[in-house]
Amino acid sequence: MLMAAATFNSLTLPFSKPEFPFSSIARTHVPTPTLNLSWFRPNGFLLCSLSSDHPTTATGGQLHHKANTNSTDPQPQIHTCTWNWKGYSIRYQCSGSSGPALVLVHGFGANSNHWRKNIPVLAKSHRVYAIDLIGYGYSDKPNPREVGDSFYTFETWGSQLNDFCGSVVKDKAFFICNSIGGLVGLQAAVAKPEICRGLFLLNISLRMLHVKKQPWFGRPFIASFQSLLRNTAVGKLFFRSVATPESVRSILCQCYHDTSQVTEELVQIILHPGLETGAVDVFLEFICYSGGPLPEELLPQVECPVLIAWGDKDPWESIELGRAYGDFDTVEDFVVLPNVGHCPQDEAPHLVNPLVESFVSRHSKSPANASTTI
């Protein structure tokens, strides 16, 4: 869950800097407007199911959320569905009936509910899908010891994302990603460039615990600590200590600059799926994952347009390091989100939603990027 990020970012090892150039000035700075964030609420969920070979079918009832009282615009209905991927049940949400397809990809320990302030807004002019990556949220959580060490990787999640577009979205799509979800989007875009129309990356994970970024003298300590968590009872004891409402709230207050956005609803969104069977094993598996791709390795390989936006108060992924990603030729812009932490889509949807709409609009007009059934 998000707890691991707080734990490992508290280590005092002098990590080496990423081996790519740095830029001292962000290209774009967004002024902070004033807006009542209580407006961004979905108005309902419809439960349904989907296999990779069949269209969506309704199987459940409708749960009504508090209606929007601050706008006369009707809110699009949000459907909560399941998709059968390689024998695993994958939960996702979708809304909107027209416009370009967007797939929203959450970060570590989160799930598609973390986009609850974005889905109903973006769905007014887009077809929006938000997926729970396998191992997270309300998707299946196969035991890492049964499926193998190479299962919970960015290659697996990237493949899941591309297959989702082929089986469910049935169209090319823009990937809107937060934190490690950015690595998933990048991996998917590199593996099958014909599927991704554009990447919108929010505070992408720098992966500072990647073996290539660990100082040589710190590697044995980190490896031993990871092994202790993964292979002994210490890991599950640690998980139980942080998988509580109090701990989750405390950790969220670290990564959200505006702590008023850390509501009881948000705490439960993050905590509840983490209490499901198998969640602890996935949690421990990922915090021991120090291999795989880095953003700076994938960005040069991407063929679609990329926009990076970064909350400048993120205590976990430093904007001073993140700015360097704006120097890649594939990145069209690096946008600074003032006074925002690690999860801008939830903390500051009034900044993020218009940026997403603008980015998608620009790149939906290009004939080369036109929507095509896949």
Side-chain angles (χ1 to χ4, degrees), residues 39-68 71 73-86 88-106 110-140 157 160-178 181 184-185 195 197 200 265-266 268-270 272-273 276 345-346 349 352-353 356-357 360 371 373-374:
W39 184 86
F40 296 97
R41 294 182 178 177
N43 70 336
F45 300 90
L46 179 66
L47 304 179
C48 56
S49 64
L50 185 71
S51 73
S52 57
D53 302 315
H54 298 86
T56 305
T57 56
T59 61
Q62 188 173 5
L63 303 176
H64 293 283
H65 201 283
K66 182 178 178 180
N68 172 20
S71 172
D73 295 337
Q75 291 291 296
Q77 189 177 61
I78 299 173
H79 304 273
T80 297
C81 310
T82 57
W83 164 55
N84 187 321
W85 181 62
K86 300 184 177 181
Y88 299 112
S89 176
I90 303 299
R91 180 252 201 165
Y92 69 95
Q93 300 181 57
C94 59
S95 185
S97 58
S98 63
L102 315 182
V103 180
L104 316 184
V105 187
H106 62 79
N111 58 80
S112 58
N113 288 344
H114 211 191
W115 299 96
R116 70 199 188 284
K117 300 176 183 177
N118 316 99
I119 296 172
V121 178
L122 298 175
K124 292 179 180 179
S125 53
H126 307 84
R127 290 170 292 136
V128 181
Y129 301 82
I131 190 171
D132 285 5
L133 297 173
I134 191 164
Y136 295 106
Y138 297 96
S139 289
D140 280 350
W157 290 314
Q160 179 190 359
L161 186 55
N162 282 331
D163 289 348
F164 180 76
C165 289
S167 297
V168 179
V169 181
K170 299 184 184 300
D171 199 355
K172 298 169 68 173
F174 290 88
F175 298 159
I176 317 300
C177 315
N178 176 228
V184 175
I195 291 178
R197 301 181 69 181
F200 188 101
E265 178 190 28
L266 176 61
Q268 292 303 317
I269 282 172
I270 300 299
H272 193 266
E276 291 199 335
Q345 79 279 9
D346 188 61
V352 172
N353 290 334
V356 171
E357 291 170 334
V360 172
S371 178
T373 301
I374 57 175

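- Between the CD atom of Glu357 and the CZ atom of Phe200 there is a distance of 10.5 Å, given to the nearest 0.5 Å.
- The side-chain heavy atoms of Trp83 and Tyr129, taken from C-beta on, include no pair separated by under 4.5 Å.
- Taking the six-membered ring for Trp and the full ring otherwise, Trp85 and Phe164 have centroids separated by 6.0 Å or more.
- Counting only heavy atoms from C-beta outward, the side chains of Val356 and His126 never approach each other to under 4.5 Å.
- Here Arg116 contributes atom CZ and Leu266 contributes atom CG; the two are 5.5 Å apart, rounded to the nearest 0.5 Å.
- Ser112 meets the side-chain contact (heavy atoms from CB on, under 4.5 Å) test with Arg91, Gln93, Ala130, Asp132; sequence neighbours excluded.
- Residues Lys124 and Pro76 are in side-chain contact: their nearest non-hydrogen atoms beyond the backbone lie under 4.5 Å apart.
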Per-pair distances, 0.1 Å, donor-acceptor, side chain in residues 94-106, under 3.5 Å, sequence neighbours excluded:
from, atom 1, to, atom 2, distance (Å)
Ser95, OG, Gln77, O, 2.7
His106, ND1, Ala110, O, 3.4
His106, NE2, Leu133, N, 3.0

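- Scanning both residues, Gly185 and Cys177, for their nearest heavy atoms gives CA-SG, 4.0 Å.
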Q: Determine, step by step, whether Tyr136 and Asn111 satisfy the side chain to side chain contact (heavy atoms under 4.5 Å, CB included) criterion, reporting the C-alpha distance in whole Å, the side-chain angles of both residues, the deciding distance to 0.1 Å, and the verdict.
A: CA-CA 6 Å; Tyr136 295 106; Asn111 58 80; 5.6 Å; no

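- Side-chain atoms of Lys86 and Ile134, non-hydrogen and from C-beta on, never get closer than 4.5 Å to each other.
- Asn353 places no side-chain N or O within donor-acceptor distance of the main-chain N or O of Leu122, the cut-off being under 3.5 Å.
- Note that the CG atom of Asn118 and the CD1 atom of Ile176 stand 9.5 Å from one another [nearest 0.5 Å].
- The heavy-atom pair separating Asp171 from Arg127 by the smallest distance is OD2-NH2, 2.7 Å.
- A donor-acceptor contact shorter than 3.5 Å is absent between the side chain of Gln345 and the backbone of Asn178.
- The shortest non-hydrogen separation linking Ile78 to Pro120 is CD1-CD, 4.1 Å.
- Two residues are said to be in side-chain contact when any heavy atoms from C-beta on lie closer than 4.5 Å; Glu265 and Asn113 fail this criterion.
- The distance from atom OG of Ser139 to atom CD1 of Ile131, rounded to the nearest 0.5 Å, is 6.5 Å.
- Residues Phe175 and Ile195 are in side-chain contact: their nearest non-hydrogen atoms beyond the backbone lie under 4.5 Å apart.
- In this structure, Trp115 has no ring pair (Phe, Tyr, Trp, His ring centres under 6.0 Å) partners at least two apart in sequence or on a different chain.
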